[in-house]
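Reviewing the structure listed below.
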Amino acid sequence: MQGYKSGYVGIIGKPNVGKSTLLNYFLNQKLAIVSEKPQTTRTRILGILTQKDYQIIFIDTPGVHQPQDQLHAYMQSQITETVADVDLLLFLVAADESLVTEDQLALKLIESKKVPTLLVINKIDLNPVQAESLHHTLFQSGLFVDAVYISALHGTGCSELLQKIVAFLPEGPQYYPEDMLTDRTERFFISELIREQVYRLTHQEIPYSVAVVTEEVKERNDALTYVKAVIYVERDSQKKILVGTNGKKLKEIGQAARKEVELFLQKKVYLDLWVKVKKNWRKDATAVKLMNG
């Protein structure tokens with residue numbers, strides 16, 4: 001199709017700079033779970049935006065950080081693979097934060113792969129003065145083809161960012177059907193929605209030790225879908241905290257997660273939620289891939 005533009009656009013940056021919020025804004029749908037806790041995103045999430053004259057395949061990635069175990073190594077590999085495969089990168093920084101080690105790691109990755117990169121300064125509403133300082137510091141590196149100020153949460157500047165993305169994309173085919181939003185499975189998103197509620201309702205080390213696997217999704221009748229999911233933790237003590245006294249905490253998580261899953265499936269859901277211990281799963285590369293891929 002002559003004049004049609006298409007391509008892959010990676011979104012990278014340190015934890016909690018708004019990568020998933022930006023993806024969800026562009027797609028006008030909650031694809032990536034969001035929390036105030038760092039390292040919420042663990043794997044690449046592909047989101048497809050199709051219009052009459054372009055198709056953008058966004059790839060949301062985990063936050064750039066120093067790997068400490070097999071889970072972190074897996075997350076880092078998702079970022080590296082994304083940077084190597086895309087036509088354009090969006091490097092997000094937060095206007096209200098100074099540059100840190102994780103930002104420098106991301107900059108080194110950008111420099112090594114030599115992919116055209118847009119500097120995206122997010123949360124512009126929180127500190128416009130700091131945003132200008134970040135722009136000055138980062139743009140003089142020569143790594144960026146352009147820069148945009150945005151608020152992914154409020155949509156400020158996002159139309160301008162979208163225009164710049166399309167401008168930098170090559171002409172190409174429509175890679176995916178126009179009604180396709182992602183390549184991820186229904187079970188993946190259900191697991192993510194449950195994990196989001198674990199992050200929201202637990203504290204300390206619990207969220208980072210949790211993986212969720214949706215084992216069964218079955219329509220019992222036209223009005224009800226049965227979902228069985230397992231929350232894995234690493235230690236018996238974590239299981240006790242997650243279940244809570246008389247099952248109170250697990251019930252709270254289950255009720256909140258069920259509402260999110262019902263919104264996602266647009267159906268009534270019976271959520272059968274279990275907690276199991278898989279010792280030190282974050283140190284097992286095979287378990288990490290099976291439980292987060």
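Keep in mind that what you see is a predicted model, and the values were worked out from it rather than measured.
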Are the side chain of [X] and the backbone of [Y] linked by a donor-acceptor contact shorter than 3.5 Å?
X    : Y    : value
T80  : S77  : no
D236 : V277 : no
Q55  : Y175 : yes
K228 : E216 : no
R195 : T40  : yes
D87  : L169 : no

Acceptor/donor pairs from residues 93-100 side chains to any protein atom, 3.5 angstrom cut, sequence neighbours excluded:
from: E97; atom 1: OE1; to: K14; atom 2: NZ; distance (Å): 2.8

Would you check if there is a donor-acceptor pair between the side chains of [Y] and [X] at a distance under 3.5 Å?
X   : Y   : result
T82 : Y8  : no
T43 : Q78 : yes
S20 : D60 : yes

Under 3.5 Å, which donor-acceptor pairs do the side chains of residues 240-257 form with other protein atoms, sequence neighbours left out?
from: K249; atom 1: NZ; to: L201; atom 2: O; distance (Å): 2.9
from: K249; atom 1: NZ; to: E252; atom 2: OE1; distance (Å): 3.1

For this session: Using ring-ring contact (aromatic ring centres under 6.0 Å, His included) as the criterion, list what pairs up with H65, not counting sequence neighbours.
Result: H72
Seminar exercise, completed: Tightest non-hydrogen contact, residues V145 and F168, listed as CG2-CZ, 3.5 Å
For this session: Not counting sequence neighbours, list each pair that qualifies as a side-chain hydrogen bond (donor to acceptor under 3.5 Å, both in side chains) and has a residue in residues 154-169.
Result: D146-K164
For this session: Not counting sequence neighbours, list each pair that qualifies as a side-chain hydrogen bond (donor to acceptor under 3.5 Å, both in side chains) and has a residue in residues 126-137.
Result: E132-Y149
Seminar exercise, completed: Sequence neighbours excluded, the answer for salt bridge (Lys or Arg N to Asp or Glu O under 4.0 Å) partners of D53 is none
For this session: Classify the angle between the aromatic ring planes of Y199 and Y208 as parallel (below 30°), tilted (30 to 60°) or perpendicular (above 60°).
Result: perpendicular
Exercise. So, E219 and K267, do they make that salt bridge, N to O below 4.0 Å?
Worked result: yes
